[in-house]
Q: 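Below is one structure. I have some questions about it.
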Amino acid sequence: MFDLTPKAVALGLTQYVVLLFSLSVHESAHAWTALKQGDATARSLGRISLNPLVHIDLIGTVVLPLVMIFSGAPLLGWAKPTPVNPRHFKDLRLGQIIVSGAGPVSNLLLAILFTVGLFVAVRVLPGPLHEQPLAQLLSLGVQLNVLLAIFNLVPLPPLDGSHVVEWALPNGMGHRYMAMIAPYGGIILLVLVMSGALFTVLSPVLNVVIGFLFSLVR
């Protein structure tokens with residue numbers, strides 16, 4: 001049973017702030033790369049922004065993350081999808097791959113930036129790191145952004161990985177895969193997340209990446 005102490009509440013709210021920032025960067029990356037590929041749809045709607053209010057999805061950004069945080073479950077969430085009109089892309093196939101992959105890549109870059117911040121904090125902050133709120137925030141930033149990056153690369157709709165696979169596979173294989181999986185992707189993803197099976201599968205990769213980043217801090 002999750003112990004809802006003041007310390008746990010403070011940690012949960014810190015996780016939530018990091019999540020909001022990370023999701024905002026993720027969606028802004030989609031919007032910015034779409035603009036660079038020739039589509040200004042997201043920019044016209046104000047989606048190239050780190051303001052979480054323009055990206056909030058009631059369930060994915062508010063309800064589910066708060067339930068997961070205060071139930072002790074692994075933290076996940078999503079933002080409102082970034083609107084894109086691929087007909088404006090200079091190169092349809094390449095544009096789809098770049099724009100879809102931009103979100104996970106942005107989270108990986110954020111994880112590296114948080115690692116750099118943690119590297120500095122280890123050498124500057126006095127006392128044990130586990131007692132330093134800033135060090136805890138930076139550590140959460142590393143872990144959460146690695147999780148978001150790898151989670152979003154899972155090739156199940158509506159995750160970014162499904163769109164990368166759809167356009168990256170040759171000879172129409174990706175389109176056939178999406179036509180087959182799209183009607184059930186959301187249900188499959190929900191079952192995998194709620195059962196814990198997805199985290200079981202992803203844990204080895206998460207542990208390797210997070211462990212490597214933390215090893216750079218020492």
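Predicted model only: the values in this text are computed from it and were never measured.
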Q: Would you say R47's side chain and V54's backbone share a donor-acceptor pair under 3.5 angstrom?
A: yes
Q: Could you report the tightest heavy-atom contact between P83 and D39, atom names first, then the distance?
A: O-OD2, 4.4 Å
Q: K90 side chain to K36 main-chain N or O, any donor-acceptor pair under 3.5 Å?
A: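 Yes, the answer is positive, given that a donor and an acceptor are paired below the 3.5 Å cut-off.
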Q: Measuring from K80:NZ to I56:CD1, what's the distance to the nearest 0.5 Å?
A: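 Here the interatomic distance stands at 9.0 Å.
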Q: Would V146 end up clustered with L202 when hydrophobic side chains under 4.5 Å apart are linked, directly or stepwise?
A: yes
Q: Considering only Ile, Leu, Val, Met, Phe, Trp and Tyr, and joining two whenever side-chain heavy atoms are under 4.5 Å apart, list the other residues clustered with L11.
A: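 Its cluster partners, ordered by chain and number, are L140.
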Q: Quiz question: by atom type and distance under 3.5 Å, do the side chains of S22 and N145 form a donor-acceptor pair?
A: yes
Q: Which residue pairs pass the ring-ring contact (aromatic ring centres under 6.0 Å, His included) test with at least one member in residues 5-54, sequence neighbours excluded?
A: H26-H30
Q: List, by chain and then residue number, the residues other than V99 in its hydrophobic cluster (Ile/Leu/Val/Met/Phe/Trp/Tyr, side-chain heavy atoms under 4.5 Å); write none if there are no others.
A: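 Besides V99, the cluster holds V84, F89.
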Q: Can you confirm whether L159 sits close enough to L153 that some side-chain heavy atom of one is under 4.5 Å from a side-chain heavy atom of the other?
A: no
Q: For residues 58-68, which side-chain N or O atoms pair as donor and acceptor with protein atoms under 3.5 Å away, sequence neighbours left out?
A:
| from | atom 1 | to | atom 2 | distance (Å) |
| --- | --- | --- | --- | --- |
| T61 | OG1 | D57 | N | 2.9 |
| T61 | OG1 | D57 | O | 3.1 |
| T61 | OG1 | W78 | O | 2.7 |

Q: So, N85 side chain and R87 main chain: donor-acceptor pair closer than 3.5 Å or not?
A: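 The answer is yes, because a donor-acceptor pair under 3.5 Å joins these two groups.
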Q: Going by side chain to side chain contact (heavy atoms under 4.5 Å, CB included), name the residues that satisfy it together with P81, two or more places apart in sequence or in a different chain.
A: none
Q: Kindly say whether G46 contributes a backbone atom to a donor-acceptor pair with the side chain of S49 at under 3.5 angstrom?
A: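 No, because the side chain of S49 does not come within donor-acceptor range (under 3.5 Å) of the backbone of G46.
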Q: Check whether L216 and L137 end up in the same hydrophobic cluster, where Ile, Leu, Val, Met, Phe, Trp and Tyr are linked by side-chain heavy atoms less than 4.5 Å apart.
A: yes
Q: Return the CG to OG1 distance between L45 and T82, rounded to the nearest 0.5 Å.
A: 10.0 Å
Q: Check D160 against G103 and note the closest heavy-atom contact, atom names and distance.
A: OD2-CA, 4.4 Å
Q: In Å and rounded to the nearest 0.5 Å, what is the CG to CG distance from N152 to L147?
A: 9.0 Å
Q: Sequence neighbours left out, what pairs pass ring-ring contact (aromatic ring centres under 6.0 Å, His included) with at least one residue falling in residues 186-218?
A: none
Q: Report yes if the side chains of F114 and L213 come closer than 4.5 Å at any heavy-atom pair, otherwise no.
A: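 Result no, sub-4.5 Å side-chain heavy-atom pair not found.
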Q: Can you tell me how far apart OG (S106) and CG (L23) are? Round to the nearest 0.5 Å.
A: 9.5 Å
Q: Atom CG in L92, atom CD1 in I97: separation rounded to 0.5 Å?
A: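 Going from CG on L92 over to CD1 on I97, the span is 9.5 Å.
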Q: Who are the side chain to side chain contact (heavy atoms under 4.5 Å, CB included) partners of P155, not counting sequence neighbours?
A: V165, Y177
Q: Could you tell me the separation between the CD1 atom of I187 and the CG atom of L190, rounded to the nearest 0.5 Å?
A: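 Nearest 0.5 Å value for the CD1-CG distance: 8.5 Å.
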Q: Taking the side chain as every heavy atom from C-beta outward, state whether L198 and V191 have any pair of such atoms under 4.5 Å apart.
A: no
Q: With sequence neighbours left out, write down each residue that passes side chain to side chain contact (heavy atoms under 4.5 Å, CB included) with V217, or none if nothing qualifies.
A: T115, L118, V122
Q: Tell me whether I48 shares a hydrophobic cluster with L50, the cluster being built from Ile, Leu, Val, Met, Phe, Trp, Tyr side chains joined at under 4.5 Å.
A: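 Looking at the clustering, L50 is in a separate group from I48.
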Q: Are side-chain heavy atoms of L192 and L156 found at a separation under 4.5 Å?
A: yes
Q: Please collect all ring-ring contact (aromatic ring centres under 6.0 Å, His included) contacts where either partner lies in residues 155-174, sequence neighbours excluded, each pair once.
A: W167-H175
Q: Give the cluster check for L19 versus L53: same hydrophobic cluster or not, with ILVMFWY residues linked at side-chain heavy-atom distances below 4.5 Å.
A: yes
Q: Do you know which two heavy atoms are closest between P104 and A149, and how far apart they sit?
A: O-CB, 3.4 Å
Q: Could you go step by step and tell me if L144 and L110 meet the side-chain contact (heavy atoms from CB on, under 4.5 Å) rule?
A: CA-CA 10 Å; L144 181 56; L110 263 185; over 6 Å; no
Q: Between I181 and M173, is there a shared hydrophobic cluster once you connect ILVMFWY residues whose side-chain heavy atoms come closer than 4.5 Å?
A: yes
Q: Any side chain to side chain donor-acceptor pair (under 3.5 Å) pairs touching residues 91-101, not counting sequence neighbours?
A: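 Side chain to side chain donor-acceptor pair (under 3.5 Å) check on residues 91-101 returns no pairs.
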Q: Considering non-hydrogen atoms only, spot the tightest contact between G101 and V164 and give its length.
A: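 The pair with the smallest heavy-atom distance is N-CG2, 4.0 Å.
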Q: Between the side chains of S162 and E166, does any donor sit under 3.5 Å from an acceptor?
A: no
Q: Do side-chain atoms of S28 reach the backbone of S24 as a donor and acceptor pair under 3.5 angstrom?
A: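 Judged by distance alone, yes, a pair lies under 3.5 Å.
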Q: Listing request: all side chain to side chain donor-acceptor pair (under 3.5 Å) pairs with a residue in residues 199-218, at least two apart in sequence or in separate chains.
A: none
Q: Apart from L108 itself, what residues make up its hydrophobic cluster, given side-chain heavy atom links below 4.5 Å?
A: none
Q: Give the minimum heavy-atom separation between V205 and I150, together with the two atoms involved.
A: CG1-CD1, 3.6 Å
